[in-house]
Amino acid sequence: MKIKNVAIAVSGIALALSLAACGGGSTPTADTTTPADGGGEAPAAEGYNLVPKDIDGDGYITLGFAQVGAESGWRTANTQSYKDYFVEANGFKLIFADANQDADKQKQDVRDLITQGAEVIDLAPVTDSGWEPILEEAKAAGIPLIVSDRQLSVSEDLYLTYFGGDMEAEGNRAVEWLTKYMADNSVAEAKIVHLQGTIGSTAQKGRSKALDDAVAANANWSLVAQQTGEFTQAKGQEVMESILQQNADFNVIYSENDDMTYGAIDALTAAGKKVEDYIIISFDGNKSAVQMVIDGKIDVIAECDPLLGPQVGDLIKKAAAGETIAKITYSVEGVIDSSNAAEKITVAFGS
Ligand code: AHR
């Protein structure tokens, strides 16, 4: 270890001890990948040698959070969990940047966070591609970068850690639920309307891949329509209205988030359809969506946890203290259906 690195490592540990004394933080819920120790300043990943630290010496780590936007109830809850957690009482300051669902704007947001004095950056990417130059810039500036919520198609050498959902696994849970439901209820065919999220986000790619794979593997499953609703209620409603106008014949709706599901249900209701006649599959787990499971309007929700702020904070503290952290940590998630909705609603996020 070089002399400079010793000094940085010692100051990182001292800061982490002071952060730990501030309290707060919760334990990440699942680790799936623990990389080899890189042997330099950062134990977190081979090839990545940056650890979070208080660069300006003001006693706090300043997190620059590059957020996707405000498109959904999930997103609102996610933003609030960061705003609640990254406060001085927990040893942090927060600079918040809202990309308004614009992948190009978000790249500039990350550059701006670097110049605004962020000491660690958390990137929740709108889409997963084209990030290499920006991540190289953050690395060259000595600012550790964490990826949260959605993953990136880049080398692991370009970021410290990922924390968030395993989107394909979420989709697989939804598909497995449908397979069992059809068998248990003698449903012969699945004629599916597929409302996709933001095209190019890993939330869309993973959930869509799970369904596409299942359709390819099951002769009695077919896609009647497949279109993006951009993770918003308004667009979900618009897409469903247009599908209904075409008199499409379908019995399953696979909607990649709760907000698009609300929009689809509004369109069905406005068209005089009985919502209970459809098998409705949703993603996320907002409180109002869980209530719709209890009311028999939504059949199943594949959970996606938005309350990432404290869990990311915990990872930053551990990395700052010199602890080895996993390269990828997936949230622990399941499904919500009529069997557990009454219990799940007591801990559901949002309204
Ligand atoms: O990336 C998580 C997804 O983004 C959520 O499922 C959706 O509601 C949000 O907009």
Side-chain angles (χ1 to χ4, degrees), residues 29 65-82 98-103 105-106 122-129 131 146-153 162-175 194-211 228-237 239 253-265 280-290 292-293 298 300-309 311-312 328-336 344 348-351:
T29 44
F65 182 32
Q67 175 61 293
V68 168
E71 73 283 3
S72 64
W74 188 100
R75 190 65 53 198
T76 302
N78 180 248
T79 293
Q80 197 57 50
S81 85
Y82 278 79
D98 181 339
N100 199 22
Q101 291 240 74
D102 180 335
K105 177 183 182 303
Q106 191 175 43
D122 182 324
L123 168 63
V126 177
T127 54
D128 71 339
S129 61
W131 281 102
I146 291 167
V147 182
S148 70
D149 164 25
R150 301 171 179 176
Q151 290 181 264
L152 292 177
S153 301
Y162 168 75
F163 190 92
D166 180 339
M167 303 300 181
E168 191 174 336
E170 291 174 7
N172 285 331
R173 280 180 212 112
V175 159
H194 180 190
L195 299 178
Q196 297 176 290
T198 303
I199 301 297
S201 66
T202 54
Q204 174 270 319
K205 286 180 162 183
R207 294 167 189 174
S208 292
K209 180 177 187 306
L211 181 61
T228 182
E230 293 166 9
F231 282 133
T232 70
Q233 180 167 351
K235 191 76 181 165
Q237 179 169 351
V239 171
I253 299 169
Y254 181 98
S255 165
E256 292 182 359
N257 85 343
D258 288 339
D259 299 76
M260 294 190 296
T261 306
Y262 305 149
I265 286 175
I280 300 186
I281 298 167
S282 191
F283 287 81
D284 287 352
N286 288 269
K287 191 169 280 178
S288 47
V290 180
M292 287 182 173
V293 174
I298 295 176
V300 66
I301 301 168
E303 288 177 304
C304 186
D305 179 14
L307 306 180
L308 306 184
Q311 303 179 74
V312 167
I328 296 175
T329 306
Y330 289 128
S331 308
V332 170
E333 297 165 340
V335 296
I336 302 171
K344 288 284 186 178
F349 64 87
S351 53

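In each ligand, atom 1 is the first atom listed, and ligand 1 is the first ligand listed.
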Task: Modelled atom types, side-chain donor and acceptor of Asp305 and Gln311, under 3.5 Å - done: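 Checked: Asp305/Gln311 side chains pair up, N/O donor to acceptor below 3.5 Å.
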
Open item on the list: Between Thr228 and Gln204, is there a side-chain donor-acceptor contact under 3.5 Å, judged purely by atom types and distance?
Closed with: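 Per modelled atom types, Gln204 and Thr228 side chains form no pair under 3.5 Å.
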
Open item on the list: Looking at ligand 1, is there an atom of it that comes within less than 4.0 Å of some heavy atom belonging to Gln204?
Closed with: no

For [atom], what's the nearest protein heavy atom and its distance?
atom	value
atom 5 (C) of ligand 1	Asp284 OD1, 3.4 Å
atom 3 (C) of ligand 1	Arg150 NH2, 3.8 Å
atom 10 (O) of ligand 1	Glu71 OE2, 2.4 Å
atom 2 (C) of ligand 1	Asp149 OD1, 3.2 Å

Task: Under 3.5 Å: N/O of Ser72 near N/O of ligand 1 - done: yes

TODO: Report yes if Asn257 has an N/O atom closer than 3.5 Å to an N/O atom of ligand 1; otherwise report no.
DONE: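 N/O-N/O distance below 3.5 Å exists for this pair.
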
Open item on the list: Please check this pair: side chain of Lys105 against backbone of Asp98, looking for a donor-acceptor N/O pair closer than 3.5 Å.
Closed with: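 Indeed, once roles are kept as given, a pair shorter than 3.5 Å links the two residues.
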
- [ ] Check each of Glu256, Glu168, Glu170 against Lys209 using the salt bridge (charged side-chain N to carboxylate O under 4.0 Å, His left out) test, and report the only one that passes.
- [x]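 When Glu256, Glu168, Glu170 are each tested with Lys209, the salt bridge (charged side-chain N to carboxylate O under 4.0 Å, His left out) holds only for Glu168.
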
Task: Atoms of ligand 1 close to Phe231 [distance to a heavy atom under 4.0 angstrom, numbered from 1] - done: 7 (C), 10 (O)

TODO: Number the atoms of ligand 1 from 1 as they appear, then name those within less than 4.0 Å of a heavy atom of Ala203, with their elements.
DONE: 1 (O)

Task: Qualifying residue, where the test is side-chain contact (heavy atoms from CB on, under 4.5 Å) with Leu152 and the options are Val147, Thr202, Thr127 - done: Val147

Open item on the list: Which heavy atom of Phe163 sits nearest to which heavy atom of Ser331, and what is that distance?
Closed with: CE2-OG, 4.1 Å

- [ ] Run the numbers on Gln67 and Asn78 for side chain to side chain donor-acceptor pair (under 3.5 Å), then give the verdict.
- [x] CA-CA 9 Å; Gln67 175 61 293; Asn78 180 248; 2.8 Å; yes

